[in-house]
Amino acid sequence: MINKNKEVTVIIGGGHAAGTLLTALLQKKYPHKVVMVSEEPHPPYQRPPLSKNYLAGEVDKASLYLKPPSIYEKAGQQLRLGVRVEQINRDDKNLILSDQSTLKYDQLVLATGSHVRRLNVRGSDLKGIHYLHDIADTDALRRELVPGKRLVIVGGGYIGLEVAASATKQGVKVTVLEAADRLMQRVTGPEISEFLYAKHTSAGVDVRLGAAVIGFESDDQGCVNGVTLADGGKVSADIVLVSIGVIPETALAENAGLLCDDGVVVDEFTRTDDPDILAIGDCTRHHNLFFDKRQRLESVANAVEQARTAAATLMSEEKPYDSPPWFWSNQYDVRLQMVGLSQNHDQRVLRGSILDKEFAVFYLCLGHVIAVDAVNFPVAFMVGKQLVKLRKSVSAEVLSNPNIELKSLI
Ligand SMILES: Cc1cc2nc3c(=O)[nH]c(=O)nc-3n(C[C@H](O)[C@H](O)[C@H](O)COP(=O)(O)OP(=O)(O)OC[C@H]3O[C@@H](n4cnc5c(N)ncnc54)[C@H](O)[C@@H]3O)c2cc1C
């Protein structure tokens, strides 16, 4: 793809994927001019702390930045912050920006990420209802997390539960409302769901399962003061956080006529159906060689791997993206690490002790390890990563036997 006549590479978006791509291009001494356009006022930063230690006030804003901003400038990479790309003109190969300027590109990389899924029910625009996706969202929520206040979290997924843990530690009274019959149902098996349920309830969180929200109640000032459930129940609230997932940000790509299917469709080299446009991170649905199907993933690991692949593609190096997905979550003293996708398992094997808060669940399909969820058990995660990558066949007896060292399995 590298071509001396192609001089300007523009990256749209300033999140984890865009930031990693900038660094990778720098390391590879990419010979062309690079401009990143982001609607956020910050240089590329990491979002995981927004629901963890940044929300808890344990780290400052500057520590979120992937690199000090001066690094990009020194390398001649231009960051245009606080500006939104409104339109891609593929015929003229230029972009229309929200400050009315146009920007020419030769190579374009879409790193537009995702936006939060909104809950559209009665009262959903009341004051005091929060969503969590960027620094401003966390700052706004944190200001309201005062000891004794009642926070209701709609959604018992990763982010909702991380906020529950952080807010509880700050003395806030937390209720979690989850519509499914167990926590994190979409991404994990019952052992982890039940463990987290016990962890949160013992910390004082009121966790309600099978609780579907149908509306919000208001006080005289138009502030939320309660949540109405489908079964007629009501939960009092001073603050509400809605955390019910994200939607890939594909509007620009769709309007430009690029192939999209719940994500910008890309191949294993991050190429879209336009030879001059790549796409990376949360906004994509990529051809995943590991699963041999199109897959959409919302994780830092995916953003980082795809950014590195895109850097290689821009340098005309053929380096396909081919690794199993992995995730993590921190809640209280629990470090949860997950690799693979467990949905299609036909057997689960437990190793370690749930009581001692150090265990792992291995998910098997036709005898092969397809996923591992490890709680405070880094060795199981590390070995699990290899087993999943190699699609290793290991018997349940071996996996659960504490006398057989996990490391001996790889
Ligand atoms: C609170 C929170 C906690 C998380 N915790 C974890 C975790 O523990 N582990 C994990 O693996 N993942 C976690 N994630 C998910 C992870 O952060 C995302 O998967 C990752 O940020 C995706 O990176 P990205 O660059 O693709 O998208 P994003 O980080 O969403 O960045 C996209 C950027 O593009 C900008 N943009 C969009 N459209 C335009 C436009 N038209 N013009 C200009 N700019 C535009 C957006 O404003 C945004 O800055 C968390 C996410 C959140 C919100």
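For the numbers below, each heavy atom of this structure counts, side chains included, while hydrogens, waters and symmetry mates do not. Both counts, for ligands and for their atoms, begin at 1 and track the order of listing.
Stacking of Arg117 on the aromatic ring of Tyr131 is not recorded, the 6.0 Å distance cut-off and the 45° axial limit not both being met.
Of the protein's heavy atoms, Gly14 N, 3.6 Å lies nearest to atom 33 (C) of ligand 1. Looking only at protein heavy atoms, the nearest one to atom 34 (O) of ligand 1 is Gly13 CA, 3.2 Å. The protein heavy-atom contact nearest to atom 52 (C) of ligand 1 is Ile159 CD1, 3.5 Å. When hydrogens are left out, the protein atom nearest atom 49 (O) of ligand 1 is Glu40 OE2, 2.7 Å; that is the closest non-hydrogen contact. Nearest protein heavy-atom contact of atom 19 (O) of ligand 1 is Asp282 OD1, 2.8 Å. Residue, atom and distance of the protein heavy atom nearest to atom 27 (O) of ligand 1 are Gly113 CA, 3.2 Å. Among all protein heavy atoms, the one lying closest to atom 14 (N) of ligand 1 is Pro48 CG, 4.5 Å. Of all protein heavy atoms, the one closest to atom 3 (C) of ligand 1 is Ser51 OG, 3.4 Å.
Near Ser114, with a cut-off below 4.0 Å to any heavy atom, the atoms of ligand 1 are 30 (O). Heavy-atom proximity to Val37, at under 4.0 Å, picks out these atoms of ligand 1: 43 (C), 44 (N). Of all atoms in ligand 1, listed by their number and element, those nearer than 4.0 Å to a heavy atom of His133 are 30 (O), 53 (C). For ligand 1, the atoms closer than 4.0 angstrom to any heavy atom of Ser299 are 11 (O), 12 (N), 19 (O). Counting the atoms of ligand 1 from 1 in the order shown, those under 4.0 Å from a heavy atom of Val83 are 43 (C). If you number the atoms of ligand 1 from 1 as listed, the ones under 4.0 Å from a heavy atom of Ala303 come out as 23 (O). Atoms of ligand 1 found under 4.0 Å from any heavy atom of Val300, numbered from 1 in the order shown, are 10 (C), 11 (O), 12 (N), 16 (C), 19 (O). Short contacts between ligand 1 and Gly281, defined as distances under 4.0 Å to a heavy atom of the residue, involve ligand atoms 26 (O).
Atoms CD and OG1, from Glu298 and Thr284 in turn, are 10.5 Å apart once rounded to the nearest 0.5 Å. Note: Glu305 CD to Asn288 CG = 11.0 Å, rounded to the nearest 0.5 Å. Put simply, NZ on Lys173 and CG on Asp206 are 12.0 Å apart, with the number rounded to the nearest 0.5 Å.
The option with the heavy atom closest to atom 42 (N) of ligand 1, from among Thr138, Val85, Leu21, is Val85. Of the options Lys52, Gln87, Glu86, the smallest heavy-atom separation from atom 5 (N) of ligand 1 is shown by Lys52. Taking only non-hydrogen atoms, the option from Glu39, Arg47, Met36, Glu298 nearest to atom 28 (P) of ligand 1 is Arg47. Evaluated by nearest non-hydrogen atom to atom 40 (C) of ligand 1, the leading choice among Gln306, Glu162, His16, Arg84 is Arg84.
Looking at Val246 against ligand 1, nothing comes within 4.0 Å, counting heavy atoms. Contacts with ligand 1 closer than 4.0 Å are made by no heavy atom of Asn302, backbone or side chain.
Residue contacts with ligand 1: Trp328 is placed with a nitrogen or oxygen under 3.5 Å of a nitrogen or oxygen of the ligand (distance criterion only). By the 3.5 Å distance cut-off applied to N or O atoms, Ser329 is not counted among the residues near ligand 1. Residue Ile280 has no N or O atom closer than 3.5 Å to an N or O atom of ligand 1. Among the atoms of Phe327, none of the N or O lies under 3.5 angstrom from an N or O of ligand 1.
Residue contact check for ligand 1: Ala111 places a non-hydrogen atom closer than 4.0 Å to it. The shortest separation from a heavy atom of Ser38 to ligand 1 is under 4.0 Å, placing the residue in contact.
Applying the side-chain contact (heavy atoms from CB on, under 4.5 Å) test to Lys407 and every residue at least two apart in sequence or in another chain returns Val379, Met382, Val383, Glu405.
There is a side-chain donor-acceptor pair under 3.5 Å between Asn89 and Asn94. For the residue pair Tyr30 and Thr9, a side-chain donor N or O sits within less than 3.5 Å of a side-chain acceptor on the partner. The closest side-chain donor-acceptor pair between Glu40 and Tyr45 falls under 3.5 angstrom.
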Could you walk me through whether Arg47 and Asp134 pass the salt bridge (Lys or Arg N to Asp or Glu O under 4.0 Å) test, one step at a time?
CA-CA 7 Å; Arg47 290 177 205 275; Asp134 57 28; 5.6 Å; no

Just do the salt bridge (Lys or Arg N to Asp or Glu O under 4.0 Å) check on Lys149 and Glu144 with the steps written out, would you?
CA-CA 8 Å; Lys149 286 245 178 161; Glu144 294 202 37; 5.3 Å; no

What do the steps show when you test Asp238 against Arg150 for salt bridge (Lys or Arg N to Asp or Glu O under 4.0 Å), and what is the final call?
CA-CA 5 Å; Asp238 302 305; Arg150 298 161 302 177; 2.9 Å; yes

Audit row: Ser101, Asp99, side-chain hydrogen bond (donor to acceptor under 3.5 Å, both in side chains) steps and yes/no:
CA-CA 6 Å; Ser101 62; Asp99 62 4; 2.6 Å; yes

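Ion pairing of Asp333 with Arg335 is absent here, as no side-chain N (NZ or NE/NH1/NH2) approaches a carboxylate O to less than 4.0 Å. In this structure, Lys104 does not pair ionically with Glu7, as no charged nitrogen and carboxylate oxygen lie closer than 4.0 Å.
The closest side-chain heavy-atom distance from Phe377 to Leu406 is below 4.5 Å.
Within the structure, salt bridge (charged side-chain N to carboxylate O under 4.0 Å, His left out) pairs that include any residue of residues 152-171 comprise Lys52-Glu162 (at least two apart or interchain).
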